[in-house]
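Each remark here refers to the structure printed beneath this line.
Order of listing sets the numbers, starting from 1, for every ligand and every atom in it.
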Amino acid sequence: MAWTSSGSSNAELIDNMLRNGILGKVVGDVVDGNKSEAECASDRIARAMKKVDRANYVRDKRDAYEDSPQTIGHGATISAPHMHAYAASHLLPYLPPGGRVLDVGSGSGYLSAVLYHLIEDPHGHKPSLSDSDAKSKPLIIGIEHVSELTDWSISNLKHDGLGEALEKGQIEMVTGDGRLGYPPNAPYDAIHVGAAAPELPQALVDQLAPGGRMFIPIGTYKQNIYHIDKDESGKITQTEVMGVRYVPLTDRKSQEEH
Ligand code: SAH
């Protein structure tokens with residue numbers, strides 16, 4: 001189970017999640033229980049998560065490999081590793097090489113880093129959903145409304161070996177209101193929202209590429225993760241996935257009073 005996956009090192013934390021079925025089980029559901037594809041997918045997530053040392057993204061390094069959320073200041077938290085693993089699992093088929101991803105409420109930068117490694121992974125073999133200039137634009141955009149957190153996430157990514165990806169513009173961390181998305185690099189093959197929206201933000205739906213998926217917690221007191229899938233004709237399907245507890249997707253003042 002989720003809370004029993006804590007480890008004494010990053011690799012142990014990921015191996016425990018793999019053993020506890022947190023990476024495989026969800027992916028198995030997503031790909032209709034096709035075991036070999038599910039195993040392949042969970043290995044891919046484990047490989048990406050092992051490249052991201054959680055100690056570089058937390059305030060208290062003693063608890064870096066605990067499978068629990070941790071406060072990162074400004075009313076924000078870094079999510080528990082199993083929640084990041086779920087998010088990666090649910091978005092995996094929508095992360096083609098050269099595709100473009102928007103991480104809304106990027107906080108520590110941890111998930112942006114995992115998504116970057118997944119997009120970079122040579123074993124991801126689906127063709128890009130995006131237009132042909134995908135290569136010349138950032139692969140991962142993290143958008144965060146607390147500028148101090150944006151700055152901190154950039155320094156975290158650098159400590160974690162992603163300085164070059166930042167310099168090359170393959171990862172871009174921006175400060176802004178994620179409820180409005182980030183139009184300059186739209187459309188996105190995948191959109192991850194790391195804070196609970198009171199209702200589905202239309203700007204994010206508009207910025208989702210045809211064939212893309214958004215993973216978003218929606219709700220106030222009672223929250224659920226939804227998949228928002230856009231088909232090639234632009235038709236939207238909204239599927240409730242699971243109950244969760246996230247910090248709200250809001251304005252900065254309300255967040256710091258929360
Ligand atoms: N996924 C990140 C952060 C999760 S906490 C991690 O694990 O580190 C949710 C984040 O959403 C917080 O950093 C918060 O500041 C941010 N947030 C909340 N409302 C926002 C908004 N309107 N626009 C951008 N970021 C927002």
Worksheet item: Would you find a donor on one side and an acceptor on the other, under 3.5 Å apart, between the side chain of Gln70 and the backbone of Ser79?
Response: no

Worksheet item: Does His192 reach ligand 1 with a nitrogen or oxygen that is under 3.5 Å from one of the ligand's nitrogen or oxygen atoms?
Response: no

Practice prompt. Before giving the answer on salt bridge (Lys or Arg N to Asp or Glu O under 4.0 Å), spell out for Asp229 and Lys235 the whole-Å C-alpha distance, their side-chain angles and the decisive distance to 0.1 Å.
Written response: CA-CA 8 Å; Asp229 292 321; Lys235 185 169 158 276; over 6 Å; no

Fill in: atom 7 (O) of ligand 1: the protein heavy-atom neighbour that sits closest, reported with distance to 0.1 Å
His84 NE2, 2.9 Å

Worksheet item: Any salt bridge between Asp251 and Lys253, counting N to O under 4.0 Å?
Response: no

Discussion item. Please confirm whether His74 approaches ligand 1 to less than 4.0 Å, judged on its heavy atoms.
Written reply: no

Worksheet entry | Glu120 (side chain) donor-acceptor with Tyr116 (main chain) under 3.5 angstrom | no

Item to complete: Grab the two heavy atoms, one from Leu180 and one from Gln207, that are nearest each other, plus how far apart they are.
Response: O-NE2, 3.0 Å

Discussion item. Could you tell me, atom by atom, which parts of ligand 1 come under 4.0 Å of a heavy atom of Gly176?
Written reply: 23 (N), 24 (C)

Discussion item. Give me the residue, atom name and distance of the protein heavy atom closest to atom 15 (O) of ligand 1.
Written reply: Glu144 OE2, 2.6 Å

Practice prompt. Determine, using heavy atoms of Met83 and all atoms of ligand 1, whether some pair is separated by less than 4.0 Å.
Written response: no

Item to complete: Mind checking whether Leu149 contacts ligand 1 via backbone (N, CA, C, O), side chain (CB onward), both or neither, at a 4.0 Å heavy-atom cut-off?
Response: side chain

Worksheet entry | Side-chain donor/acceptor of Asp67 to backbone N/O of His82, under 3.5 Å | yes

Fill in: Member of Ile171, Ile191, Leu111, Ile141 meeting the side chain to side chain contact (heavy atoms under 4.5 Å, CB included) criterion with Asp103
Leu111

Worksheet item: Does ligand 1 have an atom that lies less than 4.0 angstrom from a heavy atom of Pro248?
Response: yes

Discussion item. Give the atom numbers and elements of ligand 1 that come within less than 4.0 Å of a heavy atom of Thr250.
Written reply: 19 (N), 20 (C), 21 (C), 22 (N)

Worksheet item: Strictly by modelled atom types, are Asn20 and Ser5 linked by a side-chain donor-acceptor pair under 3.5 Å?
Response: yes

Worksheet item: Which ligand 1 atoms are under 4.0 Å away from a heavy-atom of Ala76?
Response: 12 (C), 13 (O)

Worksheet item: Going by the order shown, which atoms of ligand 1 are within less than 4.0 Å of some heavy atom of Val247?
Response: 5 (S), 9 (C)

Discussion item. What protein heavy atom lies closest to atom 11 (O) of ligand 1? Include the residue and the distance to one decimal.
Written reply: Gly105 CA, 3.2 Å

Worksheet entry | atom 8 (O) of ligand 1 [closest protein heavy-atom partner, distance rounded to 0.1 Å] | Ser108 OG, 2.6 Å

Worksheet entry | Whether His227 and Phe215 hold their rings parallel, tilted or perpendicular, with breakpoints at 30° and 60° | tilted

Practice prompt. Side-chain contact test, heavy atoms from C-beta onward, threshold under 4.5 Å: evaluate it for Asp53 versus Tyr65 and give yes or no.
Written response: yes

Worksheet item: What are the atoms of ligand 1, with element, lying closer than 4.0 Å to any heavy atom of Ser106?
Response: 2 (C), 8 (O)

Fill in: atom 25 (N) of ligand 1 - nearest protein heavy atom and its distance
His145 N, 3.2 Å

Fill in: Ile78 neighbourhood, listing ligand 1 atoms whose heavy-atom distance to it stays under 4.0 Å
6 (C), 7 (O), 8 (O)

Discussion item. Working note: Asp189 + Arg100, criterion salt bridge (Lys or Arg N to Asp or Glu O under 4.0 Å); need CA distance, chi angles, decisive distance, verdict.
Written reply: CA-CA 5 Å; Asp189 301 297; Arg100 222 168 298 142; over 6 Å; no

Practice prompt. Could you find the nearest protein heavy atom to atom 23 (N) of ligand 1 and give me its residue, atom name and distance?
Written response: Gly178 N, 2.8 Å

Practice prompt. Give a yes/no on ligand 1: does Pro69 have at least one heavy atom closer than 4.0 angstrom to it?
Written response: no

Discussion item. Looking at non-hydrogen atoms alone, which of Thr77, Val114, Val104 comes nearest to atom 5 (S) of ligand 1?
Written reply: Thr77

Fill in: Shortest non-hydrogen contact between Lys230 and Asp206, atoms and distance
NZ-O, 3.7 Å

Worksheet item: Does Asp177 come within less than 4.0 angstrom of ligand 1, counting non-hydrogen atoms of the residue?
Response: yes

Response to the item:
At under 4.0 Å between heavy atoms, what of Gln255 touches ligand 1? The answer is side chain

Practice prompt. Apply salt bridge (Lys or Arg N to Asp or Glu O under 4.0 Å) to the pair Arg252 and Glu148, showing each step before the final yes or no.
Written response: CA-CA 12 Å; Arg252 180 171 178 165; Glu148 293 88 334; 3.0 Å; yes

Response to the item:
Of all heavy-atom pairs linking Met49 and Met17, the shortest is CE-CE, 3.7 Å

Discussion item. Out of all atoms in ligand 1, which are within 4.0 Å of some heavy atom of Ala195? Include the element for each.
Written reply: 9 (C), 11 (O)

Response to the item:
A student checking ligand 1 against Arg179 at a 4.0 Å heavy-atom cut-off should list atoms 22 (N)

